[in-house]
Asker: 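Next up is a structure, given as structure tokens.
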Amino acid sequence: MKAAHILVVDDDERLRKLLQRFLLEHGAQVSVAADGLEAQQMMRWFRFDMLIVDVMMPGMTGLELVHAIRQESQVPVLMLSALGEADDRVRGLEQGADDYLPKPFEPRELILKVERMIRRNRPVAPTSVMFGPFRWDKARKLLWRGSQSIHLTGAETTLLEALAEKPGQPLTRDELARLLDLPADGQSERGVDVHVTRLRRKIETDPKQPIYIRTQRGAGYSLQASGVGA
């Protein structure tokens with residue numbers, strides 16, 4: 001749950017502080033609210049990765065809060081309550097809660113549920129970039145054409161990795177020169193052009209009229225990708 005921002009909503013100050021401390025110890029960023037109205041206000045100002053909500057609170061109950069949240073957000077919600085009957089759990093799930101944990105609970109069980117909910121709801125970053133018949137594997141730093149791996153030098157790998165990180169967005173020669181660790185002797189731009197030319201020879205049908213690695217006048221080079229994938 002590292003870097004996850006969690007909102008704990010409970011009218012019991014002692015339990016709020018215990019949960020906050022425990023979640024902080026496991027790497028989360030934690031905010032707290034004493035009731036449903038305060039939670040709604042905080043949600044207007046901050047983006048949370050998940051909520052931990054007590055069922056029995058004065059004023060707006062946890063069930064009412066979850067019902068209101070579900071009108072505009074699908075943020076994961078874990079319900080906490082001293083009520084352990086099956087009907088109470090069902091009502092929480094019917095209002096839109098993702099999971100339910102009766103009090104008292106084992107702290108480790110709470111952490112396991114929180115970690116699972118955050119992992120399940122985080123978007124998966126694309127691990128490959130496609131252009132024409134080629135696929136760039138971001139994790140393994142390999143270029144493929146179908147089932148054939150295309151050999152790249154270290155400089156070509158660095159160059160393609162940088163361009164594939166932001167497809168369609170140009171990187172200047174100065175930016176690429178720094179990534180390629182070229183000497184700042186006035187010839188670095190020429191060095192970038194040389195590496196780009198060598199890379200184009202491996203992926204372009206006509207390197208003099210490139211389709212995938214484009215030169216954008218006054219802006220630098222960009223990769224024209226056709227898609228991304230997992």
Asker: Flag the pair V129 / L163 as yes when at least one side-chain heavy-atom distance between them is below 4.5 Å, and no otherwise.
Answerer: no

Asker: Would a 4.5 Å heavy-atom cut-off, applied to side chains only, mark W144 and I150 as touching?
Answerer: no

Asker: Quick one: CD on Q74 to CZ on R70, what's the gap to the nearest 0.5 Å?
Answerer: 5.0 Å

Asker: Which heavy atom of S73 sits nearest to which heavy atom of V75, and what is that distance?
Answerer: OG-N, 3.1 Å

Asker: Could you give the distance from CD (Q71) to NE2 (H67), rounded to the nearest 0.5 Å?
Answerer: 4.5 Å

Asker: With no hydrogens and no angle check, do the side chains of T158 and E156 hold a donor and an acceptor under 3.5 Å apart?
Answerer: no

Asker: Quick one, R44 with Q41, criterion side chain to side chain contact (heavy atoms under 4.5 Å, CB included). Give me CA distance, side-chain angles, the key distance, then yes/no.
Answerer: CA-CA 5 Å; R44 284 192 285 268; Q41 183 177 21; 3.8 Å; yes

Asker: Drop me the distance from L23's CG to I6's CD1, to the nearest 0.5 angstrom.
Answerer: 5.0 Å

Asker: Tell me the closest heavy-atom pair linking Q40 and A68, and the distance in Å.
Answerer: NE2-CB, 3.5 Å

Asker: Would V8 and Q20 count as a side chain to side chain contact (heavy atoms under 4.5 Å, CB included) if you check the C-alpha gap in whole Å, the side-chain angles of each, and the deciding distance to 0.1 Å?
Answerer: CA-CA 7 Å; V8 175; Q20 183 178 36; 5.7 Å; no

Asker: Could you tell me the separation between the CD atom of E25 and the CD1 atom of I111, rounded to the nearest 0.5 Å?
Answerer: 9.0 Å

Asker: Would one find more than 12 heavy atoms of other residues, nucleotides or ligands at under 6.0 Å from atom CZ of F105?
Answerer: yes

Asker: Looking at OG of S81 and CZ of R91, how far apart are the two atoms once the value is rounded to the nearest 0.5 Å?
Answerer: 9.5 Å

Asker: Any donor and acceptor pair, going by atom type alone, linking the side chain of R200 with main-chain N or O of I213 inside 3.5 Å?
Answerer: yes

Asker: A side-chain contact here means heavy atoms from C-beta on lying under 4.5 Å apart; do H195 and L180 qualify?
Answerer: yes

Asker: Is it the case that the side chain of D98 and the backbone of V77 share a donor-acceptor pair, with hydrogens and angles ignored and the cut-off at 3.5 Å?
Answerer: yes

Asker: Can you tell me how the ring of F48 sits relative to the ring of H5, calling it parallel under 30°, perpendicular over 60° and tilted otherwise?
Answerer: tilted

Asker: Of the non-hydrogen atoms in S128 and K138, which two are nearest, and what is the gap between them?
Answerer: N-CD, 4.1 Å

Asker: Do D35 and R16 sit within salt-bridge range, that is, some charged N less than 4.0 Å from a carboxylate O?
Answerer: no

Asker: Can you list the residues that meet the side-chain contact (heavy atoms from CB on, under 4.5 Å) rule with K141, with sequence neighbours excluded?
Answerer: W136, T157, E161

Asker: Pick from V192, L182, D193: which one makes a side chain to side chain contact (heavy atoms under 4.5 Å, CB included) with L176?
Answerer: V192

Asker: Flag the pair V114 / I52 as yes when at least one side-chain heavy-atom distance between them is below 4.5 Å, and no otherwise.
Answerer: yes

Asker: Dump the intermediate steps for side chain to side chain contact (heavy atoms under 4.5 Å, CB included) on V55 and L80, then the final yes or no.
Answerer: CA-CA 6 Å; V55 171; L80 298 180; over 6 Å; no

Asker: Considering all heavy atoms of both residues, which atom of G168 and which atom of Q216 are nearest to each other, and what is their separation?
Answerer: O-OE1, 4.1 Å

Asker: Here's a test for you: under side chain to side chain contact (heavy atoms under 4.5 Å, CB included), which of D54, L63, L51, D99 qualifies with M79?
Answerer: L63

Asker: With a 4.0 Å cut-off on N to O distance, would you call K17 and E13 a salt bridge?
Answerer: yes

Asker: Pair K103, D10 - check salt bridge (charged side-chain N to carboxylate O under 4.0 Å, His left out), show working.
Answerer: CA-CA 13 Å; K103 302 176 187 177; D10 199 309; 3.4 Å; yes

Asker: Do the side chains of V194 and L223 join up, straight or via other hydrophobic residues, at under 4.5 Å, putting them in one cluster?
Answerer: no

Asker: Are the side chains of I203 and L143 in contact, using a 4.5 Å heavy-atom criterion?
Answerer: yes

Asker: L18, M50: one ILVMFWY side-chain cluster at the under-4.5 Å cut-off?
Answerer: no

Asker: Run the numbers on H151 and S149 for side chain to side chain contact (heavy atoms under 4.5 Å, CB included), then give the verdict.
Answerer: CA-CA 6 Å; H151 172 72; S149 175; over 6 Å; no

Asker: Grouping I, L, V, M, F, W and Y whenever their side-chain heavy atoms are under 4.5 Å apart, do V30 and L112 come out in a common cluster?
Answerer: no

Asker: Quick check: do Q224 and I211 have side-chain heavy atoms less than 4.5 Å from each other?
Answerer: no

Asker: I'd like to know if the side chain of E175 reaches the main chain of T172, judged simply by a donor and an acceptor atom lying under 3.5 Å from each other, with no hydrogens or angles considered.
Answerer: yes

Asker: Got T61 and M56 here, is their nearest side-chain heavy-atom distance under 4.5 Å?
Answerer: no

Asker: Rounded to the nearest 0.5 Å, what separates atom CZ in R145 from atom CZ in F134?
Answerer: 4.5 Å

Asker: Quick check: is L101 connected to L15 through a chain of hydrophobic side chains (ILVMFWY, heavy atoms under 4.5 Å apart)?
Answerer: yes

Asker: Looking only at heavy atoms, which two atoms of G96 and V66 are closest? And how far apart?
Answerer: C-CG1, 3.8 Å

Asker: Same cluster for M42 and I69 if Ile/Leu/Val/Met/Phe/Trp/Tyr side chains link at under 4.5 Å?
Answerer: yes

Asker: Is there a side-chain contact between L171 and Y221 (heavy atoms, below 4.5 Å)?
Answerer: no

Asker: Taking all non-hydrogen atoms of both residues into account, name the closest pair between D49 and A4 and its distance.
Answerer: OD2-CA, 3.3 Å

